[in-house]
Protein chains: 2
Amino acid sequence: MQERTIQKNSIYNGKIVSLEKHNVDLGDGKQGVREIVRHSGAAAILPLTGGNDVYLIKQFRKALERQTWEIPAGVLENGEAPEDCAARELREELKMSARNLQYLTTFSPSPGYLDEEVYLYVATGLYEDPALQDEDEVLYTEKINLNNLIDKISSGDIKDAKTIISVLFYLKFYQ
Amino acid sequence: MQERTIQKNSIYNGKIVSLEKHNVDLGDGKQGVREIVRHSGAAAILPLTGGNDVYLIKQFRKALERQTWEIPAGVLENGEAPEDCAARELREELKMSARNLQYLTTFSPSPGYLDEEVYLYVATGLYEDPALQDEDEVLYTEKINLNNLIDKISSGDIKDAKTIISVLFYLKFYQ
């Protein structure tokens, strides 16, 4: 059970994503076309205080044309280990570091056409640790109680996959 | 807090995804570039039996170059309501229909560059209801106990976002 590439066309090679189109052999004499979006992967962090508060990032997401609340996250830089990316993004987006960075899990946001994988961590023992911000990001942070965040996931106010998975995974398997 | 498009380039218009590149005004005199992957959205169904078993689909995912186990899902057709898509995919992929199709939530797989939204449902009261299969899909189904599925999510064996979110969301808010 495999799909062998017969012909591959590179359509776009960008900053965040690349796009390929593959003609594939489905293995039973039939053929198909697969559009594949390539992404270098990301790390995301659930930043949890001793008082059960979570820091979220508010930003405008152009793809959705609206503001979202999400846990801090960022794209893996060339050769960067996911836990280093998590620590870097925590500093860049939240101006904080964590005494404990615990790996939770890895998920594929949309395996039908996207190769991105997102590595999830929970950060505790947070302390202020200023760093430079990315030049093309405009970010606001807010502290929200974990129970309030759970309500916003339940109601559908928060739709971001990495935020939903990190919170529900942490609650189910680490609490 | 908004990002106004100054210039938009349509790079690709495909079967599953389209790709655009926007030059945007960040609102503080600075500019940025946003790559946006457009997708028409999807519906996915957690098919749950009275015996607490879940039907999963095994298929080869070209973007990941491996087989995955995922709940049944599919892309919204032009103008199709998410619940109609969910019922259709249940028939096409599982050859089943459901007496009860309960909406769970909607998530954004990767809001940084992707506009896809996935509508999640839990299906109970399942019964056999044959239908034609998509020609370019090679699918196998397996029934797995919900507790076994929870273990596979906990261990990271199952990484698919829609499968993780539907199971954890159902357990947290509907059980």
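Keep in mind the model is a prediction, meaning the values are calculated, not measured. A, B, ... follow the sequence lines: proteins, then strands. Residue 1 opens every chain.
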Q: Is any NZ, NE, NH1 or NH2 atom of the basic residue among B:R61 and A:E3 found under 4.0 Å from an Asp or Glu carboxylate oxygen of the other?
A: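 Not counted as a salt bridge, because no side-chain N and carboxylate O are separated by less than 4.0 Å.
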
Q: Donor-acceptor check, side chain of B:T163 to backbone of B:I71, threshold 3.5 angstrom: yes or no?
A: yes

Q: Top residue by heavy-atom pair count (under 4.5 Å) with chain A, among B:S155, B:P111, B:S110, B:G27?
A: B:P111

Q: Heavy-atom pairs under 4.5 Å with chain B: which of A:V17, A:V24, A:T106 has the most?
A: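 Winner by heavy-atom pair count: A:V17.
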
Q: Check each atom of B:L114 against the heavy atoms of chain A and say whether the ones under 4.5 Å are side chain, backbone, both or neither.
A: both

Q: Could you tell me whether the side chains of A:S108 and B:D160 share a donor-acceptor contact shorter than 3.5 Å?
A: no

Q: Do A:Y121 side-chain atoms and A:E83 backbone N/O form a donor-acceptor pair below 3.5 Å?
A: yes

Q: Quick one: what part of B:Y12 sits under 4.5 Å from any heavy atom of chain A, side chain, backbone, both or neither?
A: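 Contact with chain A: side chain only.
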
Q: With only heavy atoms counted, which part of A:L168 is less than 4.5 Å from chain B, the side chain, the backbone, both or neither?
A: both

Q: For each of A:E70, A:K172, A:Q67, tally heavy-atom pairs with chain B at distances under 4.5 Å, and name the one with the top tally.
A: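 Maximum pair count with chain B is reached by A:Q67.
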
Q: For the pair B:E93 (side chain) and B:A73 (backbone), establish whether a donor and an acceptor sit closer than 3.5 Å, ignoring hydrogens and angles.
A: yes

Q: In terms of heavy-atom proximity below 4.5 Å to chain B, should A:L171 be classed as side chain, backbone, both, or neither?
A: side chain

Q: Identify which of B:T105, B:T68, B:I153 forms the greatest number of heavy-atom pairs closer than 4.5 Å to chain A.
A: B:I153

Q: With only heavy atoms counted, which part of B:T5 is less than 4.5 Å from chain A, the side chain, the backbone, both or neither?
A: both

Q: Could you check whether the rings of B:Y103 and B:Y119 sit parallel, tilted or perpendicular, using 30° and 60° as the cut-offs?
A: tilted

Q: A:R38, A:K58, A:E20, A:K162: which one forms the most heavy-atom pairs within less than 4.5 Å of chain B?
A: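 With the most close heavy-atom pairs to chain B, the winner is A:K58.
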
Q: Give, as side chain, backbone, both or neither, the part of B:E35 having an atom under 4.5 angstrom from any heavy atom of chain A.
A: side chain

Q: Among the options B:I11, B:V37, B:I158, B:V118, pick out the one with the most heavy-atom pairs lying under 4.5 Å from chain A.
A: B:I11

Q: Spell out, yes or no, whether B:I150 and A:L120 are grouped together once hydrophobic residues are joined by side-chain heavy atoms under 4.5 Å, including indirect joins.
A: yes

Q: Please list, chain by chain and in numerical order, all residues satisfying ring pair (Phe, Tyr, Trp, His ring centres under 6.0 Å) with A:Y55, sequence neighbours excluded.
A: none

Q: Would you mind checking which part of A:F173 comes under 4.5 Å of any heavy atom in chain B, side chain (CB onward), backbone (N, CA, C, O), both or neither?
A: side chain

Q: So which of A:S154, A:G14, A:G156 has the biggest tally of heavy-atom pairs under 4.5 Å with chain B?
A: A:S154

Q: Cluster question for you: counting only ILVMFWY and a side-chain heavy-atom cut-off of under 4.5 Å, with indirect links fine, are A:I165 and A:V75 together?
A: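 Shared cluster, no.
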
Q: Provide the closest heavy-atom pair for A:H39 versus A:I16 in the form atom of the first, atom of the second, distance.
A: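 A:H39 and A:I16 have their closest heavy atoms at CD2-O, 3.5 Å.
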
Q: Side chain, backbone, both or neither: which part of B:F169 has a non-hydrogen atom closer than 4.5 Å to chain A?
A: both

